[in-house]
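Heads up, the thing below is written out as structure tokens.
Bear in mind the structure is a predicted one, so any value in this text is a computation, not a measurement. All residue numbers refer to positions in the sequence shown, counting from 1.
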Amino acid sequence: MAAVFIAFSLPPYLSMDPAQSRVPAPDFFPPHFVMLSLHVVFGSIAMITCCLQIWPWFRRRWPGAHRMIGRVYVFGGCLPSGLLGLVVGVATPFGPVTMVSNVMLALLWLGCTLAGWRMARQRRFVDHRRWMVRSFALTMSIITNRLWGVGFTIMLSPQLDTTFHGDEALMAATVSALGAWLGWVLPLLLAEWWLERGDAARRRLRAAR
């Protein structure tokens, strides 16, 4: 899924042609396309590297490579993409609801990733794993964001002339806001449920012993 998403999303931004951007640039922020392009490039690095990081066999078989790729994930993917995402998120053309979601996502992504890196540095590997599961969920949330966007576009298009009074920009802002919030909130909740489920199973096992 990550490979398909990157193959679809990355080429327009590697072209360095603003006309190919899938996000319209706001008039008040001329560097928008350049910063968005860099955000997508670094985000693609994060997506590729984190797929290897969550593979249990790879971690066990190649611990040195896991540490090296982890540094690339943090410093060559998440951190630059997250910082650029903060700027691009504030300058979104889709309105304040999407802007708040994008800024919160960027801050949480940066926070979870840095917390996971810090736990690894302190050799607190259980906590490291928990924070990196959250980081992974936020990294991949861009995929669910786009899926929600497609779904809501199909769902709301028949209401363009009624609910949205023929205003395509208003419908686009609504679809963007719904996709932006559901795109990262649901994966993060799912990650928390998965972590707590694993902890509960381990507690039951210890009690049985």
Exercise for review: Evaluate side-chain contact (heavy atoms from CB on, under 4.5 Å) for Leu79 paired with Val74, printing each intermediate quantity in order.
Suggested key: CA-CA 6 Å; Leu79 291 189; Val74 173; 4.1 Å; yes

**Study point:** Phe29 and His32 aromatic ring geometry - parallel, tilted or perpendicular at 30°/60° bounds
**Key:** perpendicular

Point to revise | Pairwise side-chain hydrogen bond (donor to acceptor under 3.5 Å, both in side chains) hits with a residue in residues 164-178, at least two apart | key: Thr98-Ser176

Review point. Cluster question for you: counting only ILVMFWY and a side-chain heavy-atom cut-off of under 4.5 Å, with indirect links fine, are Leu14 and Phe5 together?
Key: yes

Exercise for review: Following the transitive rule for hydrophobic clusters with a side-chain heavy-atom cut-off under 4.5 Å over Ile, Leu, Val, Met, Phe, Trp and Tyr, establish whether Ile69 and Phe42 coincide in one cluster.
Suggested key: no

Check your understanding: Linking I/L/V/M/F/W/Y whenever their side-chain heavy atoms sit closer than 4.5 Å, directly or via other members, would Met99 and Leu36 fall into one cluster?
Key -> no

**Study point:** salt bridge (Lys or Arg N to Asp or Glu O under 4.0 Å) against Arg124, all qualifying residues, sequence neighbours excluded
**Key:** Asp127

**Study point:** Side-chain heavy-atom pair Pro187, Leu138 within 4.5 angstrom cut-off
**Key:** no

Check your understanding: Taking 4.0 angstrom as the limit, do Glu196 and Arg130 come out as a salt bridge?
Key -> yes

**Study point:** Hydrophobic cluster identity match, Val100 and Phe94, side-chain contacts under 4.5 Å
**Key:** no

Check your understanding: Can you tell if the side chain of Phe136 reaches within under 4.5 Å of the side chain of Val133, non-hydrogen atoms only?
Key -> no

Check your understanding: Does Val87 reach the side chain of His39, with side-chain heavy atoms less than 4.5 Å apart?
Key -> no

**Study point:** Path from Leu52 to Trp57 over hydrophobic side-chain contacts below 4.5 Å
**Key:** yes

Review point. When the ring planes of Trp184 and Trp181 are compared, do they come out parallel, tilted or perpendicular, using 30° and 60° as the limits?
Key: tilted

Review point. Taking all non-hydrogen atoms of both residues, which atom of Tyr73 and which atom of Cys50 are closest, and how far apart?
Key: CE1-CB, 3.4 Å

Exercise for review: May I ask you to check if Arg146 and Phe8 form a cation-pi contact, with NZ or CZ under 6.0 angstrom from the six-membered ring centre and within 45° of the axis?
Suggested key: no

